[in-house]
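A short write-up of the structure that comes next.
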Amino acid sequence: MRKSFCTLLAALAPLVWAGDIVVGQSAPLSGANAELGNDIRNGALAYFKKVNDAGGLPQGRLRLVTLDDRNDAAQAGENTRKLLEDDEVVALFGYASSTLSLPAMPAVASKRVPFFAPFTGADAIRKQNDFVYTIRATYADEIEKIVNFWGNLGSTRVSVLHYDDAVGKQNFETVAAVLKKFQRTPVSVAIRRNAEIGEQDVQAMIAADPQVVVITTLYAPAAQMIRRLKAAGRGYMYTSLSFAGASQLARALGPDAAGVSVSTTVPTPRSHGLPVVRECGEAWQAAGHAGSMSVTALEACIAAKVLVEGMRRAGKDLGRASLQRALSALGRYDAGGYAVDFKPGFRHGGSYVGMALLRPNGDVRD
């Protein structure tokens, strides 16, 4: 009886970490969107290395465990189970989309583990539970910025490229709701997730006869669609939500990047006047990466810095519960020119939205 009682107490006790502080991540490290997943992972690793090289945190050294989900939702759910049960992570970090995040939500709620900085502005994730923390602005915020970037819409015809699943349809509805305020009704062009852009997809966009194409997909299908439309002589205005990954989309498009705009939820890596951009750039170089970091890697680095600040404030007994309390009470935190604001009852701290133009050489410019 005493053994059973002790076993029960052990099961109910909040997990507390000694030694390494393990953070878990499921991300597409292979497949069509591997560049995005690897950039998220490497941006976080660069900042964690910076912290570890300076002696780590008072509670221990940081370790990121990333499992490849190949951009498959079912695999992301299985990876989450492994991370929580086998690796006993203190937090989950940087899942690459709402579609990959949703399968994690039941385990996140039952294990009461902070789910930090998913790379999505979709309401589908923001409204899940008390353990989800985002540093991104919403997709609605991004659409508002895009409309202001366009200027007076006038009689502009808008088509929206989106996935044909539940999350993709929600993203279309978000765009439509914002455009309704400007007396615009966009046309839906839905594509299958994890599939190549086919001729029928291209013809559906042409049939919609848009002047502006708003893209809400990842960079691979976005690049395929833009290239094929430009090859067909369709000189539309192309603009994408941040979800595509600005740097990844620029590199995938090559010469076809000219004239394409993307909303961003962090400054570009060229914003050297901001301390956090310089700090992350230096961490990126110190981690051994050649060339400048992508917008995605910069976002991951900033997110890692905010997460680490929460860990610092969690106290010596760092665990899932203490980290959640610390993040919820973080308040306004300026990471160095990029501020977030968490408070009890509100866990979505980001509001930054910028606009960037893609260059044929793969650059992203404010």
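All heavy atoms count here, side chains included; hydrogens, waters and symmetry mates do not.
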State, yes or no, whether a side-chain contact exists between [X] and [Y] at a heavy-atom distance under 4.5 Å.
| X | Y | result |
| --- | --- | --- |
| L357 | F149 | yes |
| I191 | P221 | yes |
| V306 | E309 | no |
| F342 | H348 | no |
| N71 | L218 | yes |
| M105 | N129 | yes |
| S240 | V214 | no |
| T185 | L179 | no |

Consider only side-chain N and O atoms of [X] and [Y], and report whether a donor and an acceptor are under 3.5 Å apart.
| X | Y | answer |
| --- | --- | --- |
| D39 | T296 | no |
| R347 | S328 | no |
| S242 | E142 | yes |
| Y352 | T264 | no |
| N171 | T174 | no |

Distance from [X] atom [atom1] to [Y] atom [atom2], nearest 0.5 Å?
| X | Y | atom1 | atom2 | result |
| --- | --- | --- | --- | --- |
| C280 | L274 | SG | CG | 11.0 Å |
| I197 | R192 | CD1 | CZ | 9.5 Å |
| S98 | D123 | OG | CG | 10.0 Å |
| E35 | R251 | CD | CZ | 4.0 Å |
| I135 | L307 | CD1 | CG | 10.0 Å |
| S261 | I146 | OG | CD1 | 6.5 Å |

Non-neighbouring partners of [X] that pass salt bridge (charged side-chain N to carboxylate O under 4.0 Å, His left out), sequence neighbours left out:
| X | result |
| --- | --- |
| R278 | none |
| D69 | none |
| E282 | none |
| K230 | none |

Output, in order, the C-alpha distance, side-chain angles, deciding distance and verdict of salt bridge (Lys or Arg N to Asp or Glu O under 4.0 Å) for K169 and D164.
-> CA-CA 6 Å; K169 291 171 183 174; D164 65 357; over 6 Å; no
[X]: partners by ring-ring contact (aromatic ring centres under 6.0 Å, His included), with sequence neighbours left out:
| X | result |
| --- | --- |
| Y139 | none |
| F172 | H162 |
| F116 | none |

Polar side-chain atom of [X] near backbone of [Y] as donor-acceptor pair, under 3.5 Å:
| X | Y | answer |
| --- | --- | --- |
| Q59 | G315 | yes |
| D363 | R359 | no |
| R320 | P114 | no |
| N52 | R61 | no |
| D334 | G336 | yes |

Do the ring centers of Y95 and F119 come within less than 6.0 Å of each other?
->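 Not close enough - the centres of the two rings lie 6.0 Å or further apart.
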Salt bridge check: are [X] and [Y] linked by an N-O gap of less than 4.0 Å?
| X | Y | answer |
| --- | --- | --- |
| D165 | R193 | yes |
| D87 | K82 | no |
| R81 | E78 | yes |
| R70 | D72 | no |
| D366 | R270 | no |

Nearest heavy-atom neighbours spanning [X] and [Y]:
| X | Y | result |
| --- | --- | --- |
| V213 | Y236 | CG2-CD1, 3.8 Å |
| D256 | I226 | O-CG2, 4.3 Å |
| G245 | L36 | CA-CD1, 4.3 Å |
| V262 | L241 | CG1-O, 3.9 Å |
| M205 | P210 | O-CD, 3.3 Å |
| D68 | S30 | OD2-OG, 2.5 Å |

side-chain contact (heavy atoms from CB on, under 4.5 Å) partners for D53, two or more places apart | K49
Applying the side chain to side chain contact (heavy atoms under 4.5 Å, CB included) test to Q25, which of L92, V89, T80, T66 qualifies?
-> T66
Applying side chain to side chain donor-acceptor pair (under 3.5 Å), name anything that partners [X], two or more places apart in sequence or on another chain.
| X | value |
| --- | --- |
| K181 | E144 |
| R325 | none |
| R228 | E199 |
| Y163 | none |

Go through the steps to decide whether D201 and M225 satisfy the test side chain to side chain contact (heavy atoms under 4.5 Å, CB included), and finish with yes or no.
-> CA-CA 8 Å; D201 302 315; M225 178 63 85; 4.0 Å; yes
Carefully, step by step, assess V160 and V189 under the rule side chain to side chain contact (heavy atoms under 4.5 Å, CB included).
-> CA-CA 6 Å; V160 180; V189 178; over 6 Å; no
Test log, rule side chain to side chain contact (heavy atoms under 4.5 Å, CB included), inputs D209 and R157 = CA-CA 7 Å; D209 193 27; R157 299 183 303 277; 3.5 Å; yes
Hey, mind stepping through I125 and L102 against side chain to side chain contact (heavy atoms under 4.5 Å, CB included) and telling me if it holds?
-> CA-CA 7 Å; I125 290 301; L102 284 171; 3.7 Å; yes
